[in-house]
*Asks:* 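Before we start, here is the structure in question, set down as structure tokens.
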Amino acid sequence: MKTRIASLLASGTEIACALGLLDRLVAISHECDHPPEALDRPRVSRPRFDPSGLTSGEIDRAVRQVMAEHGSVYEVDAEALARVQPDLVLTQAVCEVCAVPAPGVREVVERLGLEADVLSLDAHDIAGILDTILAVGRAAGVEARAEALVRDLRARIEAVERAVAGAARPRVLALEWLDPPFAPGHWVPEMVARAGGVNLLGEAGQRSREAAWEEVGGMDPDVLIIMPCGMGLKDARADADRHARRLAEAAPRAIAEGRAYVVDGSSYFNRSGPRVAEGLEILAGLLHPERLPAPGGAVAAVWQPSAE
């Protein structure tokens, strides 16, 4: 049984806490922001640049430069990790831009001589997310808790699917970044489908991919979902405002009908953790408000271009 857990990704922290392992969590990553009771732990990773106050275009350029120079956007604080002496380190190898990649974590653990297992949580779809929860449960010796949590999440997912069954399926354009535009991948297209929509851009189970405004323009979906990766609702709205003209060209009807939305992508769509079920409920409430409760204004809101 692992008793000292260091989580180097936000979803890992959320999984550990959802499994009742808060008392074993000895360190978290720089990006961890949920749940609140975990945020007093030492942070053992850091970005190679400060993204605060930058636009999506500026962040994209900084990421590309750092990736070219270092191969990773983030780095492990080796001294801080050594101080907490973990015996289980949670990391990932899905996206070099989202969190410290697993190979770099393993190199640091070996260099420090830590007697710690490195568990890479590499989900590409909803089933994979549930599997990572089970994997953390096994590693921490709380397998029964993990199985119970997965049963609950599956029940919530299935409840959404039952609620939208037989409904007309709106055509959905979801955008995971705006400058440049990115088509969502991994579990997000699957979320759109399970929530009762037809996903227009991006492929389930595959990496998110860069698109061009020329590709997005004129799609004219029934619903537009703006979910910039790593951004909360306020920042997503500000980024949408900066790209209002392009978005209006891509989704004129959705905007005119009040079916263009900004959402808290960072919390409910970009992370491969237990809140994926809540993200699915949010999405289904946007696509089918006649069948499920509309989400609260703290997690999703109608977006309209400024009248200026």
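For the numbers below, each heavy atom of this structure counts, side chains included, while hydrogens, waters and symmetry mates do not. What you are looking at is a predicted structure, and each value in this text was computed from that prediction instead of being measured.
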*Asks:* Would you call L247 and P305 a side-chain contact if the rule is heavy atoms closer than 4.5 Å?
*Replies:*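 Of all side-chain heavy-atom pairs linking P305 with L247, none is under 4.5 Å.
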
*Asks:* Shared ILVMFWY cluster between L175 and L233, side chains joined below 4.5 angstrom?
*Replies:* yes

*Asks:* With heavy-atom distances below 4.5 Å as the criterion, would you say the side chains of V299 and V263 are in contact?
*Replies:* no

*Asks:* Do Y261 and I226 have side chains that get closer than 4.5 Å, going by heavy atoms?
*Replies:* no

*Asks:* Using the salt bridge (charged side-chain N to carboxylate O under 4.0 Å, His left out) criterion, which residues pair with D241? Sequence neighbours excluded.
*Replies:* none

*Asks:* Just to verify, what does P47 make a side chain to side chain contact (heavy atoms under 4.5 Å, CB included) with, not counting sequence neighbours?
*Replies:*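 Partners of P47 under the side chain to side chain contact (heavy atoms under 4.5 Å, CB included) test: H30, Y74.
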
*Asks:* Is a side-chain N or O of S7 found less than 3.5 angstrom from the main chain of L9, in a donor-acceptor match?
*Replies:* yes

*Asks:* In Å and rounded to the nearest 0.5 Å, what is the CG to CD1 distance from L286 to I225?
*Replies:* 5.0 Å

*Asks:* Decide whether V223 and V198 are clustered together by the hydrophobic rule: side chain heavy atoms of Ile, Leu, Val, Met, Phe, Trp, Tyr closer than 4.5 Å, transitively.
*Replies:* no

*Asks:* Write down the atom of L153, the atom of A277, and the distance for their closest heavy-atom approach.
*Replies:* CD2-CB, 3.8 Å

*Asks:* Going by the rule side chain to side chain contact (heavy atoms under 4.5 Å, CB included), which residues pair with E249 if we only count those two or more places apart in sequence or in a different chain?
*Replies:*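 Counting only residues at least two positions away or on another chain, E249 forms a side chain to side chain contact (heavy atoms under 4.5 Å, CB included) with R245, R246.
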
*Asks:* Do the side chains of F182 and W213 join up, straight or via other hydrophobic residues, at under 4.5 Å, putting them in one cluster?
*Replies:*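 No.
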
*Asks:* Kindly check if the number of other-residue, nucleotide or ligand heavy atoms within 6.0 Å of CD (E37) is above 12?
*Replies:*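 Yes, the 6.0 Å shell around CD holds more than 12 heavy atoms from other groups.
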
*Asks:* Between the side chain of W187 and the main-chain N/O of F269, is any donor-acceptor distance below 3.5 Å?
*Replies:*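 Here the side-chain-to-backbone pair exists.
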
*Asks:* Can you name the residues that form a salt bridge (charged side-chain N to carboxylate O under 4.0 Å, His left out) with D77, not counting sequence neighbours?
*Replies:* R46

*Asks:* Measure across A168 and H288 and return the closest heavy-atom pair with its distance rounded to 0.1 Å.
*Replies:*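 Residues A168 and H288, closest heavy atoms: O-CE1, 3.0 Å.
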
*Asks:* How long is the straight-line distance from CG of D60 back to CG of L178, given to the nearest 0.5 Å?
*Replies:*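 It comes to 11.5 Å.
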
*Asks:* Could you tell me whether the side chain of L88 reaches within less than 4.5 Å of the side chain of L90, counting heavy atoms only?
*Replies:* yes

*Asks:* Look at the side-chain heavy atoms of Ile, Leu, Val, Met, Phe, Trp and Tyr, link any pair under 4.5 Å apart, and say whether W303 and I282 land in one connected group.
*Replies:* no

*Asks:* Would you call V89 and L119 a side-chain contact if the rule is heavy atoms closer than 4.5 Å?
*Replies:* no

*Asks:* In Å, rounded to the nearest 0.5 Å, how long is the span from SG of C32 to CD of E14?
*Replies:* 8.0 Å

*Asks:* Does Q92 reach the side chain of S272, with side-chain heavy atoms less than 4.5 Å apart?
*Replies:* no

*Asks:* Using every non-hydrogen atom in the two residues, find where V164 and A284 come nearest and quote the distance to one decimal.
*Replies:* CG1-CB, 4.3 Å

*Asks:* Does anything in residues 209-221 form a salt bridge (Lys or Arg N to Asp or Glu O under 4.0 Å)? List the pairs, not counting sequence neighbours.
*Replies:*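 Listed by first then second residue: R64-E210, R209-E215, D220-R253.
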
*Asks:* Could you measure the distance from the OG atom of S267 to the CE atom of M231? Nearest 0.5 Å is fine.
*Replies:* 13.5 Å

*Asks:* Identify, with sequence neighbours excluded, every residue that meets salt bridge (charged side-chain N to carboxylate O under 4.0 Å, His left out) alongside R242.
*Replies:*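 Applying salt bridge (charged side-chain N to carboxylate O under 4.0 Å, His left out) to R242 gives D239.
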
*Asks:* Which residues pass the side chain to side chain contact (heavy atoms under 4.5 Å, CB included) test with A236, sequence neighbours left out?
*Replies:*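 Result, side chain to side chain contact (heavy atoms under 4.5 Å, CB included) vs A236: P228, V262.
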
*Asks:* When L173 is tested against each of P184, P181, P221 for side chain to side chain contact (heavy atoms under 4.5 Å, CB included), which residue passes?
*Replies:* P221

*Asks:* Salt bridge or not for R111 and E107, using N-O below 4.0 Å?
*Replies:* yes

*Asks:* Can you list every salt bridge (Lys or Arg N to Asp or Glu O under 4.0 Å) pair that touches residues 255-264, not counting sequence neighbours?
*Replies:*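 Residue pairs passing salt bridge (Lys or Arg N to Asp or Glu O under 4.0 Å), neighbours aside: none found.
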
*Asks:* Which atom pair, heavy atoms only, marks the closest approach of S120 to R106?
*Replies:*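 Between these two residues, the closest heavy atoms are CB-NH2, 4.0 Å.
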
*Asks:* Is a donor on one side and an acceptor on the other found under 3.5 Å between the side chain of S11 and the backbone of G273?
*Replies:* no

*Asks:* With a 4.5 Å limit on heavy-atom distance, are the side chains of L25 and C17 in contact?
*Replies:* yes

*Asks:* Tell me, please, which residues at least two apart from E176 pass salt bridge (charged side-chain N to carboxylate O under 4.0 Å, His left out).
*Replies:* none

*Asks:* Table please: side-chain donor-acceptor pairs of residues 126-146 below 3.5 Å, with sequence neighbours left out.
*Replies:*
{"from": "T132", "atom 1": "OG1", "to": "I129", "atom 2": "O", "distance (Å)": "2.6"}
{"from": "R145", "atom 1": "NH1", "to": "L19", "atom 2": "O", "distance (Å)": "2.8"}
{"from": "R145", "atom 1": "NH1", "to": "G20", "atom 2": "O", "distance (Å)": "3.3"}

*Asks:* What do the steps show when you test V44 against L8 for side chain to side chain contact (heavy atoms under 4.5 Å, CB included), and what is the final call?
*Replies:* CA-CA 7 Å; V44 292; L8 290 175; 3.4 Å; yes

*Asks:* Quick one: side chain to side chain contact (heavy atoms under 4.5 Å, CB included) partners of L39, sequence neighbours excluded?
*Replies:* I28, R43

*Asks:* Give, for atom CD of Q85 and atom CZ of R4, the distance between the pair rounded to the nearest 0.5 Å.
*Replies:*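 Q85 CD to R4 CZ: 7.5 Å, rounded to 0.5 Å.
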
*Asks:* For G185, is there any backbone N or O sitting under 3.5 Å from a side-chain donor or acceptor partner on S208?
*Replies:*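 Yes, because the side chain of S208 sits within donor-acceptor range (under 3.5 Å) of the backbone of G185.
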
*Asks:* Where the side chain of R271 meets the backbone of V276, is there a donor-acceptor pair that is under 3.5 Å apart?
*Replies:* no

*Asks:* What closest approach, in Å, do S266 and G232 show between heavy atoms, and which atom pair accounts for it?
*Replies:*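 Residues S266 and G232, closest heavy atoms: CB-N, 4.3 Å.
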
*Asks:* What are the two closest non-hydrogen atoms of A254 and L224, and how far apart are they?
*Replies:* CB-N, 3.9 Å

*Asks:* Please check this pair: side chain of E190 against backbone of G205, looking for a donor-acceptor N/O pair closer than 3.5 Å.
*Replies:* no

*Asks:* Could you note down all residue pairs passing salt bridge (Lys or Arg N to Asp or Glu O under 4.0 Å) where residues 146-164 supplies at least one of them, sequence neighbours left out?
*Replies:*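 Qualifying pairs, neighbours excluded: R156-E281, E161-R194.
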
*Asks:* Please determine whether side chain to side chain contact (heavy atoms under 4.5 Å, CB included) holds for the pair D87 and E115, giving the CA-CA distance in whole Å, both sets of side-chain angles, and the decisive distance to 0.1 Å.
*Replies:* CA-CA 6 Å; D87 55 16; E115 295 184 2; over 6 Å; no

*Asks:* Does M219 belong to the same Ile/Leu/Val/Met/Phe/Trp/Tyr cluster as V192, with side-chain heavy atoms less than 4.5 Å apart forming each link?
*Replies:*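 No; V192 is not reachable from M219 via cluster members.
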
*Asks:* Do the non-hydrogen side-chain atoms of V172 and D222 ever get within less than 4.5 Å of each other?
*Replies:*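 In short, these two side chains do not touch, never coming nearer than 4.5 Å.
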
*Asks:* Atom CZ of R171 and atom CG of L287: how far apart are they, to the nearest 0.5 Å?
*Replies:* 13.0 Å

